[in-house]
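For reference, the structure is listed below as structure tokens.
Please read these numbers as outputs of a predicted model, since none were measured by experiment.
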Amino acid sequence: MAIPRPVLLATATATAALMLSPLPATAAPGADRADGDRSSHPVRDGGTTDSRVATPALPSAGAAALSSVGTTSPGLRKDGGYPRRNVLTTLPENPADKAIKLGLAPYHALAPRLNALQELGDRVSVEVTGRSAGGHDLYLVTVTAPESAKEAAEQERMRARIEDSPASAAKDKKIKESYKTPVFINNNIHGNEWEGTDAALKLIEELAKAKDSRTKKLLSTSRIILNVTANPDGRIAGTRANGNGIDLNRDFITASQPEARAIRQIAVDKQPAVMLDLHGYVNGTLIEPTTPPHGENYEYDLFLKNSYANALGMEEAVNDLGYTAEKDGVQPPVIPFRDQEEGWDDWPPIFTPQYMAFQGTVASHTIEIPMRVNNNDYNNLPVEELRRRSRINTDVAGAAMRATLDFALDNRKTLIADQIETFRRGAAGEKQRVISEETVPGVPGIGPEDIYTTDFPRAYVIPAGSGQRSAPAAARLVDHLIANDVKVEQARKSFTLAGRSYPAGSYVVDMEQAKRGIANVILDEGRDISADVSSMYDISGWSLGLLWGANVTKVQRGGLNFSGREVNAASPVGSVARSGDLELRLDDPKEFAAVNSLLAQGVQVRRTADGAAIVPSSARKKAETLADRYGVVFTSTKDKGVAALRRTTVAAAVNSGELFALREMGFEVLPVSTATANAGFDWSKADALYVSTGLSHKGLNETARAALGAFLAGGAPVVALGSGGATFNAEAALLDATPVRGNGNANGVVRVLNTPGPVTGGTQPHAFVYSPIWYTALGKGVRTEQSYGGGNPLVSGHWRANDGSTDGTGGPQNAAGQAAIVSGTSAAGAPVTLFGTEPLFRDHPKGSFAQVGRALLNRLP
């Protein structure tokens, strides 16, 4: 479902852009991979390098300046055709922009440069797809041959038919002959991996100016779509993350950030067949496809065939630049599928190229350009050397882009046919194809370690009326599915599937649909892959069906006999009882946002023994407003509660994902650290303390330790999480409990048992772990709030015993039955809760947020 995006329209004349030329310097080798991998990447046995038949390359205009660009505009289209130019707002110069030091385009130079590129002719269109967390415009460029409004509408009709009627689209001669291949190039999603943006600007200029027949053919048969900088906040500040401190290339299954949502919408609206994501820095240049494990929800035979062939072409193009290890410090490119064994996988859907595969992309790649210019190198190397490296990186990124355009041009019919086939298999409910060297010709070295498939269920049901506490969670999950272009139907009346009855209003996801892959990624419980590989690059479990707080049931087989209609949004669920005092369950982040809003407005709210909120009838009007805003349910109650709730400002020593989640729940947050505490942090402004990282009790000076002690003596709630929280708890002598640290590389979805009470009572029976901890030797008065499930508690993810262990130490069986969350009261009278799970991890496991929120509000009566 397409969501309208804001577009800036103006009439000012475009200005020429500033071109920055890197300065030459001496050679130096690049550094290792930037993403914190824990494996050594051994070479894949039996790997070979295939050569691709040479084809004429697209022309290169080099770094020709735009100063000679004329200012005569062919006019702005407002009828939906192309070009659909918009004059972008020019920003003041920002001398602090970190790109300047590297000789690259600062963010403030992009608008004038894109304005000038639009003036080059009738091929370049620029739109604004949204704004970053920091308020910066996100620029999307489309380069294609001009299209009338009628022609553009016909392209959209064909695009929709490919997804909605793939079986008939496969036979459509007009699609075969006339549909333009969408090629998407995403740049600078990590803000301090800059050069993709600059390579993209050069490529746009070349395509706009080229007169040769090959470029004309490319643009008449393709739309080249470029996200100029996916992360302007990070580009300016020289940070990997965006302005909220979130790594955008870990956010695609959660979509917590506006930049990720903008890319998601590009994927849905443009339906790219080919995609590149430009990163840095790995020397030699890393060009995906990846090592195992491979995402089990892909049509991987189609994906691997195209991705591998395109990778070979990019490898050839990078080598043809002539950079060498001896002369320039540039190592030859690496294709992980061919050259490595494991440790750079495409298992989780959190990365841009992996996500794009679920939106119909049949060749998508992370490209890690070679020469490190960020972090310590940025701060310590001479400017001349940094600019030399950036020039090389820009060349490498540009070579990958041009080779991909060659690939898209030479393989247009195959790419579109394979995208159609991806959607056709989904709509037909067909089984996935098992890959082999026979089923995927041209890809050597396929072995059993590469085979990952799944058995798609017939449907998923998100029941309605199954209890008020799941209402906001169910609505959020339905809206999330729809935002990912999954078709969702809502039952008009009650029905029965596979022997289970469901009420009217329940939602059904028929898995015989084009985008069944992303539907299954979101709703399925996932898979335990601990035995499959020794190491993983990032997380290995993520189920929204288990972690987002909604009830989800899986229908494995059978027909779908119900009366329903496709919906484009979840039905409103917020409501307020007409009489009496009101009860609001606190099981969902939206419910916390509502109660924190009431507290901020001065409403006297109380807490029940099991952690719900009691709102006086006098606040009914306020409750009605919040029920409408957040979709929460206020029921009638006679419970008077056991303690007053207070507006809570949290002093938080946390990572960015936890900070974002706390604020999502409506808590006012004051970041604190060892340094700020030693500098005189004002504890009088805080009502509770949350510690997971960055606050060392042992590292506090005498004055800071005394100030913190006085704060804790006042009875302020303390939440301590993970290894950092366990250390803080021990050093501050809060609770008598011994932490046991599991395998530090472990992560995933686990089964848990919750103890009735104010912290975990009534919450979901699954949790997320990352470097899990459990607590033993609990002292007097220390209570187990949650324990790991029996046997092997891991549902999906990767959790092995510690390396070298012969008795399972650090593994999931050791954690089974042990305390995952404990609580008690410190000697100073502060209520303390210790978490061994990760309830706020990257703002993702929404159904667990309530455990932290309740603990923070849990002042003693």
Sort out for me which residue in E193, E368, E195 forms a side-chain hydrogen bond (donor to acceptor under 3.5 Å, both in side chains) with Y281.
E195

Verify side chain to side chain contact (heavy atoms under 4.5 Å, CB included) between Q265 and T129, making sure each step is shown before the conclusion.
CA-CA 9 Å; Q265 200 59 45; T129 60; over 6 Å; no

Under 3.5 Å, is there a donor-acceptor pair between the side chain of R261 and the main chain of A255?
yes

Pair E489-L560, side chain to side chain contact (heavy atoms under 4.5 Å, CB included): steps then yes or no:
CA-CA 11 Å; E489 295 177 86; L560 301 185; 5.8 Å; no

Whether R800 side chain and S530 backbone form a donor-acceptor pair below 3.5 Å
yes

Given side chains that start at C-beta, do those of V555 and P457 come closer than 4.5 Å, heavy atoms only?
no

Residues E177, K173: salt bridge by 4.0 Å N-O rule:
no

When you check the side-chain N and O atoms of T366 and H279, is any donor under 3.5 Å from an acceptor?
no

Measuring only between side-chain heavy atoms, which start at C-beta, is T352 closer than 4.5 Å to F252?
yes

Please determine whether a side-chain nitrogen of the Lys or Arg among R240 and D247 lies less than 4.0 Å from a carboxylate oxygen of the Asp or Glu.
yes

Would the distance check show the side chain of S543 and the main-chain N or O of L546 forming a donor-acceptor pair, the cut-off being under 3.5 Å?
yes

K176 versus I416: any side-chain heavy-atom pair under 4.5 Å?
no

Show the nearest heavy-atom pair for residues L226 and I224, with the distance to one decimal.
CD1-O, 3.7 Å

Salt-bridge test for R557 and D455: reply yes if a basic N is under 4.0 Å from a carboxylate O, no otherwise.
yes

Is a donor from one side chain sitting under 3.5 angstrom from an acceptor on the other, for Y179 and D172?
no

Could you check if a side-chain atom of I287 sits within less than 4.5 angstrom of a side-chain atom of P333, using non-hydrogen atoms only?
yes

Sub-3.5 Å donor-acceptor pair from the side chain of R433 to the main-chain atoms of K431, do we have one?
yes

Taking the side chain from R389 and the backbone from R372, do they hold a donor-acceptor pair closer than 3.5 Å?
yes

State, with a plain yes or no, whether a side-chain heavy atom of R425 is found less than 4.5 Å away from one of R516.
yes

Do L304 and Y298 come close enough that some side-chain heavy atom pair is under 4.5 Å?
no

Heavy-atom side-chain proximity of K515 to Q359 below 4.5 angstrom:
yes

May I ask you to decide if the ring planes of Y452 and H294 are parallel, tilted or perpendicular, using 30° and 60° as cut-offs?
perpendicular

Salt bridge or not for K487 and D164, using N-O below 4.0 Å?
yes

Pairing of R264 and D485 as salt bridge, 4.0 angstrom limit
no

Check side chain to side chain contact (heavy atoms under 4.5 Å, CB included) between A169 and all other residues, then give those that pass, not counting sequence neighbours.
R161, I162, I175, I420

List the atom of G329, the atom of N283, and the distance in Å for their closest heavy-atom pair.
O-ND2, 2.7 Å

Is there side-chain contact between N745 and S535, with heavy atoms separated by less than 4.5 Å?
no

Under a 3.5 Å threshold, yes or no: a donor from one side chain and an acceptor from the other, between D277 and S364?
no

